[in-house]
Amino acid sequence: MRVSKFPLLTVKETPTDAEITSHKLMIRSGMIRKLAAGLYTWTHLGLRVLRKVENIVRDEMNNAGALELQMPTVQPTELWDESGRLAQYGPELLRFRDRHDREFCYGPTHEEIITDFARKELKSHKQLPINLYQIHTKFRDEIRPRFGVMRAREFLMKDAYSFHTNYDCLEEEYQNMFTAYSNMFTKMGLEFRPVLADTGNIGGSKSHEFHVLASSGEDAIAFSDGSNYAANVELAEAVMPNEPRPVPSEELQTIDTPDQETIEEVSSFLNVPKERCIKTLIVAGSESPVIALLLRGDDELNEIKADKLPEVETPLRFATDEEIKSAVGCNKGSLGPVGIEIPVIADRNTTNIADWTCGANIEGKHLRGVNWERDLPLPQIADLRKVKDGDPSPDGQGKLSIARGVEVGHIFQLGTKYSEAFKAAVQNEAGESQTMIMGTYGIGVSRIVAAAIEQNNDDRGIIWPDSIAPFQVAIVPMNMHKSERVQAKAEELYKELRKNSIDVLFDDRKARPGFMFADMELIGIPHRIVIGDKGLDRGVIEYRKRDQGENQDIAVEEIIQFMKDTIQRQ
RNA sequence: CGGGGUGUAGCGCAGCCUGGUAGCGCAACUGCUUUGGGAGCAGUGGGUCGGGGGUUCGAAUCCCUCCACCCCGACCA
């Protein structure tokens with residue numbers, strides 16, 4: 001492609017409404033333009049990337065034996081009524097009526113449609129298992145769309161649905177999809193992690209999310225350095241400490257701590273490490289008005305875990321200052337478990353410390369040298385805290401590291417939730433009607449593009465992995481309009497590279513070199529060839545990889561072979 | 001939906017407080033010069049000042065109202 005016929009919509013200035021790197025760079029490079037909140041036009045440049053991602057997804061799905069189909073984006077609302085999700089989805093579901101006043105919605109996902117299709121078309125166990133997928137536009141009326149295409153309202157998604165007669169078969173397909181997803185992200189050149197998602201469901205590892213690692217990611221994930229274990233931090237188990245509790249060595253004493261309320265303040269005021277403080281959080285209870293949760297001073301409450309405790313009111317709610325005052329008799333800064341008259345649940349990490357410090361339940365006073373089973377009994381124990389960097393992995397192998405990630409894929413063993421609601425059944429070998437068992441597998445195709453940029457950029461712009469770059473090579477000629485031999489060589493190279501099926505962008509503009517370099521770097525072309533009189537005098541053409549700072553001189557007659565080799569290797 | 005904020009040229013902004021009929025930078029267009037890291041000079045075009053209503057001799061500016069967009073919270077590929 002010639003730049004003269006492929007106008008670049010690059011801009012120097014960053015629009016004020018872009019916050020994260022990928023959004024800024026997608027606007028600046030001219031890949032997308034906003035139409036309205038959460039709605040974006042993919043330009044001729046951006047669409048090239050989107051299609052490359054899409055095609056990798058499609059290839060891997062096809063390799064995995066899934067069958068592509070396409071369902072309407074507009075769906076009759078009755079189907080949502082049938083599954084019972086109409087109420088559940090709420091205003092995120094965009095609804096409208098046609099001229100006959102029939103109610104429709106724009107599909108945010110397609111479980112209803114595919115299950116309806118399956119119950120009509122799949123009649124025999126001989127047709128199973130089957131995995132049907134589409135790559136299509138979805139619309140979710142997000143309360144707050146942001147970060148460009150990362151969290152848009154309209155977006156491109158690959159959604160797949162599999163149907164089975166037994167759970168072993170579902171498990172097999174789930175593994176098949178797990179492998180296919182891993183292959184896709186590897187092909188795209190992305191650093192990713194499959195992580196355990198909801199383990200609370202019917203046992204086993206029934207759901208995994210795939211995260212592209214990026215410091216700006218919205219999710220924190222914990223993964224082990226000694227095994228494959230990885231989980232969303234929200235779900236990662238903090239294991240019971242196995243070191244024995246030291247024996248008490250201090251006497252229990254009450255100390256004045258005027259105006260010392262936070263763990264930070266108390267620990268520096270009394271000169272005790274935060275690891276030997278216990279903080280007391282009061283939340284609304286389900287069986288009692290309030291309940292106390294104990295954590296070590298250096299730990300943080302994992303609200304998801306707390307929310308799941310039967311003794312805690314759902315959704316989790318912190319007690320108000322008034323509730324605390326009336327239940328305990330002091331304010332937040334002086335709370336402690338000793339002598340407290342409300343139910344107490346302690347985090348695992350609080351159980352093996354001795355001689356610790358906590359509030360005295362008296363305004364402005366703290367207790368020092370507190371010890372379990374001497375000064376107070378051990379309360380109920382639960383896993384309450386967020387896991388931290390360096391924690392032991394819950395599977396007993398290695399230590400956890402925390403990283404941030406962007407969720408780009410999710411695979412899920414659905415079971416019979418929809419097939420039951422829709423009475424989607426086939427006849428089994430015995431001639432009996434049997435409800436189908438389903439799996440569902442999503443990929444945020446347009447989100448991947450943003451995630452890839454989050455992971456691959458520098459202060460000059462995007463650095464595309466070869467497999468999803470809009471063009472693999474940029475040809476940048478120096479003063480082509482003045483030097484006939486530069487022009488001739490550039491034209492020749494352009495033709496040759498294209499002949500070798502390499503996607504090449506030829507900057508044939510009458511522009512200054514710095515201008516062209518800056519554009520090519522901004523839009524992230526991974527390989528650059530510079531042709532100039534300077535080089536030709538020496539019989540060389542300059543090559544530079546986008547992520548390297550140095551030019552490499554390649555003999556003119558070797559450049560084509562060099563490029564073929566270089567790109568093939570990627 | 002709750003809280004905060006912004007709408008002035010394609011983009012980024014000033015002007016508003018204290019009303020007098022719209023400006024700066026970048027981009028665009030033309031010409032000349034320049035050409036190995038986002039050029040220089042000269043010139044040109046481009047605005048119902050988010051919409052509607054009101055106050056006033058006069059409104060970008062003051063008042064009312066509607067709308068759009070952005071930021072902080074719950075949701076998700």
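Bear in mind that the values here come from a model prediction, so they are computed numbers and not experimental data. Chain letters run A, B, ... following the sequence lines, proteins first and then strands; every chain starts at 1.
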Is the phosphate of B/C13 approached by A/T16 (side-chain N or O, under 4.0 Å from OP1 or OP2)? yes
If you measure from the P atom in B/G7 to the same atom in B/C13, how many Å do you get, rounded? 9 Å
So if I take residues 472-485 of chain A and measure heavy-atom distances to RNA chain B, which residues fall below 4.0 Å? A/M478, A/N479, A/H481, A/K482
B/C70 and B/U61: how far apart are their C1' atoms, nearest whole angstrom? 23 Å
Partner lookup for B/G12, please. Criteria are Watson-Crick or G-U wobble with both distances under 3.5 angstrom; report none if nothing qualifies. B/C24
What integer number of Å spans the C1' atoms of B/U65 and B/U21? 25 Å
Is A/R528 touching bases, backbone alone, or none of the nucleic acid, heavy atoms closer than 4.0 Å? base
Euclidean distance for C1', B/C29 against B/C71 (whole angstrom): 37 Å
Which part of the nucleic acid, if any, lies within contact of A/R544, taking any heavy atom under 4.0 Å across all strands shown: a base, the sugar-phosphate backbone alone, or nothing? base
When both hydrogen-bonding distances must be under 3.5 Å and the geometry is Watson-Crick or G-U wobble, what is B/G43 paired with, if anything? B/C29
Nearest heavy atom decides the nucleotide; on that basis, is A/L156 or A/L522 closer to the 5' end of RNA chain B? A/L522
Rounding to a whole Å, what distance do you find between A/I143:CD1 and B/C71:P? 14 Å
Which nucleotide, B/C70, B/A77, B/C76, lies nearest any side-chain atom of A/D219? B/C76
Kindly state whether the pair A/F155 / B/A77 counts as stacked, where counting means centroids closer than 5.5 Å and planes tilted less than 30° apart. yes
Same-atom distance (C1') from B/G2 to B/A22, integer angstrom: 38 Å
Pairwise P distance for B/G36 and B/G12, with rounding to whole Å: 32 Å
State plainly whether the residues A/R51 and A/E54 are in salt-bridge range, i.e. N to O under 4.0 Å. yes
Pair up each side-chain donor or acceptor in residues 467-475 of chain A with any protein partner under 3.5 Å, not counting sequence neighbours, and list the distances.
| unit_1 | atom_1 | unit_2 | atom_2 | d |
| --- | --- | --- | --- | --- |
| A/S467 | OG | A/K187 | O | 2.6 |
| A/Q472 | OE1 | A/D503 | N | 2.9 |

What is the separation between atom CD1 on A/I27 and atom P on B/G10, rounded to the nearest whole Å? 17 Å
Taking any strand in view, what nucleotide pairs with B/U6 in a Watson-Crick or G-U wobble way, both distances under 3.5 Å? B/A68
For A/E142, which contact category applies under a 4.0 Å heavy-atom criterion: base, sugar-phosphate, or nothing? base
Out of B/C69, B/G36, B/U35, minimum distance to the side chain of A/K510 belongs to B/U35
For A/F223, check ring pair (Phe, Tyr, Trp, His ring centres under 6.0 Å) against everything at least two apart and list the hits. none
For A/E13, report the nucleic acid contact type (base, sugar-phosphate, nothing); a contact means any heavy atom under 4.0 Å. base
Could you check which nucleotide pairs with B/U18 in any of the strands shown, counting Watson-Crick or G-U wobble with both distances under 3.5 Å? none
Just name whichever nucleotide pairs with B/U48, Watson-Crick or G-U, keeping both distances under 3.5 Å, else none. none
The Watson-Crick or G-U wobble partner of B/G38, with both key distances under 3.5 Å, is none
By salt bridge (Lys or Arg N to Asp or Glu O under 4.0 Å), which residues pair with A/D219, not counting sequence neighbours? none
Within the 6.0 Å centroid threshold, strictly below: A/F210 and A/F178: yes
With a non-hydrogen cut-off below 4.0 angstrom, is A/V530 in contact with a base, only sugar-phosphate, or nothing? base
A/H44 and A/F6: ring-ring contact (aromatic ring centres under 6.0 Å, His included), yes or no, with the steps? CA-CA 8 Å; A/H44 47 293; A/F6 191 91; 4.6 Å; yes
Look at A/K12 and B/G25 and indicate whether a side-chain polar atom (N or O) is within less than 4.0 Å of OP1 or OP2. no
Assess, by modelled atom type and distance only, whether the side chains of A/D533 and A/S483 contain a donor and an acceptor separated by less than 3.5 Å. yes
Base, sugar-phosphate, or nothing for A/A451, non-hydrogen atoms under 4.0 angstrom? nothing
On the ring face of A/F517, is A/R528 found with NZ or CZ under 6.0 Å from the centre and within 45° of the axis? yes
Across the strands shown, which category fits A/G535 at heavy-atom distances under 4.0 angstrom: base, sugar-phosphate, nothing? base
Looking for any heavy atom pair under 4.0 Å, which part of the strands does A/D159 touch: base, sugar-phosphate only, or nothing? nothing
Round to a whole Å and report the spacing from CG of A/L9 to P of B/C26. 21 Å
Can you measure A/Q487 atom CD to B/U35 atom C1' for me and round it to whole angstrom units? 16 Å
Flag the pair A/I282 / A/E323 as yes when at least one side-chain heavy-atom distance between them is below 4.5 Å, and no otherwise. no
Looking at B/C75, does its base get a donor-acceptor pair with the side chain of A/R151 below 3.5 Å? yes
For A/R144 and B/C71, is the shortest distance between a side-chain N/O and OP1 or OP2 below 4.0 Å? yes
When rounded to the nearest Å, what value does the distance between C1' atoms of B/U6 and B/C16 take? 14 Å
Test salt bridge (Lys or Arg N to Asp or Glu O under 4.0 Å) applied to A/E311 - qualifying residues, sequence neighbours left out: none
To the nearest Å, how far apart are A/H211 NE2 and B/A77 P? 10 Å
May I ask which nucleotide in the shown strands pairs with B/A60, Watson-Crick or G-U wobble, both distances under 3.5 Å? none
For a quick check of understanding: with a heavy-atom distance under 4.0 Å over all strands, which category does A/G532 fall into, base, sugar-phosphate or nothing? base
Using whole Å, report how far CG of A/D507 lies from C1' of B/U35. 14 Å
Among all residues two or more places apart in sequence or in another chain, which pass the salt bridge (Lys or Arg N to Asp or Glu O under 4.0 Å) test with A/E491? A/R2
Is A/R512 close enough to B/A39 that one of its side-chain N or O atoms is under 4.0 Å from OP1 or OP2 there? yes
Measure from NZ on A/K24 to C1' on B/C71 and round the result to the nearest Å. 14 Å
Both A/R460 and A/E19 contact RNA chain B. Which one's nearest nucleotide lies toward the 5' end? A/R460
Between atom CD1 of A/I113 and atom CE of A/M71, what is the distance when rounded to the nearest 0.5 Å? 7.5 Å
What is the distance, rounded to the nearest whole Å, between atom CD of A/E209 and atom P of B/C76? 10 Å
Touch class at under 4.0 angstrom, heavy-atom based, for A/V408 against every strand present: sugar-phosphate
Can you tell me, in whole Å, how much space there is between the P of B/G4 and that of B/G47? 37 Å
Under 4.0 Å between a side-chain N/O of A/R146 and OP1 or OP2 of B/G73, yes or no? yes
